[in-house]
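To keep things clear, I will list the structure first and then write my remarks on it.
The residues of the chain are indexed from 1 along the displayed sequence.
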Amino acid sequence: MTTPQGPVSALYLFEKFEVGVVHLDAQRKVLAMNDFARRILPVSDKRPFDALVTSFHPPRSAAKVSFLLDQASACPVAAAMPMTMIINIPEQVLLIKVTRLAGADGLTTGFALVFYDVTQLVVQGEAPAAPPGALPASTPGAGEKRQLARIPLVANHRVTFVDTAQVMFLESQAHYTRVLTTSGFQFCNLSIGDLEARLDVQRFVRVHRCFIVNLDAVLELGRREGKVQLRMRGEPATWVPVSRAEVARLRALLGVQRKA
């Protein structure tokens, strides 16, 4: 894993973060979890014990966890998709890894799901102060989601964090997102909806069902092939479509006056 300041050693992770551990049986039902996992996950609300692990994940995250377990079940793992995933839950961003457990005969006996809470590496500033009597920050529904100062990206079994200032636009890829940075296109496990909810609305704007743009990276607003599109910073030139319903708002944000 790396941060904008440089590589982060495995020792740093062990010292900096507590680790959550969830033990699953071969049918992917929750058998046990450590105390940190109990604090982070909505155990009292979802009651996951003896239930499928996906029972305490929202639909978008559940699909990702299922995929991760499918990959862990393969022996050897042949898929190119990275085994590490990022999950977005209220107030927190979790880095998750799954490994298969086997007995002496090599047959699957269960799975170990291990996660780190990497929220402090990606959010901006401190958590908002909760009013007296409010739910703790780790409880779903407590307070607003904190803005991302960095976006977690996954490639080659590694997680990196890129400053949002280096992001030019984001493109939806079903439950995942393709991110264009100053270094080119990269992959993020979070959905575009998850990212939209945590990005600075003064800088990042949803201009299309599948696209969010960084206003600072817009070079041109014009028409191509009969449609309004944005030319983004970078070479070669990249164009992003703009939904008809968003054109007027986008013109106002960019300070562009419509020609008579």
Side-chain angles (χ1 to χ4, degrees), residues 1 8-122 135-142 152 154-159 161 175-176 187-191 194:
M1 178 185 298
V8 175
S9 68
L11 179 59
Y12 173 85
L13 285 178
F14 283 119
E15 292 177 343
K16 181 69 175 178
F17 301 113
E18 289 189 75
V19 61
V21 181
V22 180
H23 183 197
L24 313 178
D25 65 15
Q27 286 70 48
R28 307 181 182 186
K29 292 183 178 181
V30 178
L31 295 178
M33 61 179 69
N34 70 346
D35 290 339
F36 181 68
R38 287 173 180 269
R39 294 200 305 270
I40 293 295
L41 302 175
V43 174
S44 59
D45 178 36
K46 299 297 184 180
R47 301 181 182 276
F49 293 101
D50 296 321
L52 291 174
V53 64
T54 50
S55 66
F56 56 84
H57 289 283
R60 288 194 299 266
S61 296
K64 298 175 186 178
V65 174
S66 292
F67 175 80
L68 203 62
L69 286 163
D70 290 341
Q71 296 302 297
S73 298
C75 187
V77 176
M81 187 68 70
M83 293 289 291
T84 303
M85 287 203 173
I86 302 292
I87 298 294
N88 184 46
I89 63 175
E91 285 298 327
Q92 287 153 310
V93 179
L94 306 180
L95 186 159
I96 296 180
K97 182 82 173 180
V98 172
T99 186
R100 182 179 72 99
L101 304 177
D105 55 6
L107 298 178
T108 301
T109 60
F111 302 88
L113 187 155
V114 180
F115 66 85
Y116 291 100
D117 182 354
V118 297
T119 309
Q120 295 303 320
L121 288 180
V122 297
L135 295 171
S138 60
T139 303
V154 180
N156 299 322
H157 300 270
R158 299 181 63 205
V159 176
F161 299 93
H175 294 302
Y176 310 101
F187 175 84
C188 179
N189 288 133
L190 299 177
S191 71
D194 287 334

query: With a 4.5 Å limit on heavy-atom distance, are the side chains of Val98 and Leu24 in contact?
result: no

message: According to side chain to side chain donor-acceptor pair (under 3.5 Å), who are the partners of Thr108, at least two apart in sequence or on a separate chain?
response: Arg100

field: Thr109: side-chain contact (heavy atoms from CB on, under 4.5 Å) partners, not counting sequence neighbours
entry: Leu101

- line: Contacts of Asp70 meeting salt bridge (charged side-chain N to carboxylate O under 4.0 Å, His left out) (sequence neighbours excluded), chain-then-number -> Arg28

- request: Indicate yes or no: at least one non-hydrogen side-chain atom of Tyr116 is less than 4.5 angstrom from one of Val19.
  value: yes

Between CD1 on residue Ile96 and CG on residue Leu68, distance to nearest 0.5 Å: 7.5 Å

task: Report the residues that fulfil side-chain contact (heavy atoms from CB on, under 4.5 Å) with Ala37, sequence neighbours left out, ordered by chain and then residue number.
output: Val22, Met33, Asn34, Leu41, Phe115

- request: Give, for atom NZ of Lys29 and atom OG of Ser55, the distance between the pair rounded to the nearest 0.5 Å.
  value: 10.5 Å

message: For a quick test of reading the model, state the closest non-hydrogen atom pair linking Phe49 to Ala32 and the distance between them.
response: CE2-CA, 3.9 Å

message: With a 4.5 Å cut-off on side-chain heavy atoms, are Val43 and Pro48 touching?
response: yes

query: Looking at OG1 of Thr99 and CG of Leu113, how far apart are the two atoms once the value is rounded to the nearest 0.5 Å?
result: 10.5 Å

message: List the residues meeting side chain to side chain donor-acceptor pair (under 3.5 Å) with Ser191, not counting sequence neighbours, and say none if there are none.
response: Arg60, Asp194

- request: Output the distance between atom CZ (Phe111) and atom NE2 (His23), rounded to the nearest 0.5 Å.
  value: 10.0 Å

statement: Between the CG atom in Asn189 and the CG atom in Leu94, the distance rounded to the nearest 0.5 Å is 12.0 Å

query: Sequence neighbours excluded, which residues qualify as side-chain contact (heavy atoms from CB on, under 4.5 Å) partners of Asp35?
result: Arg38, Arg39

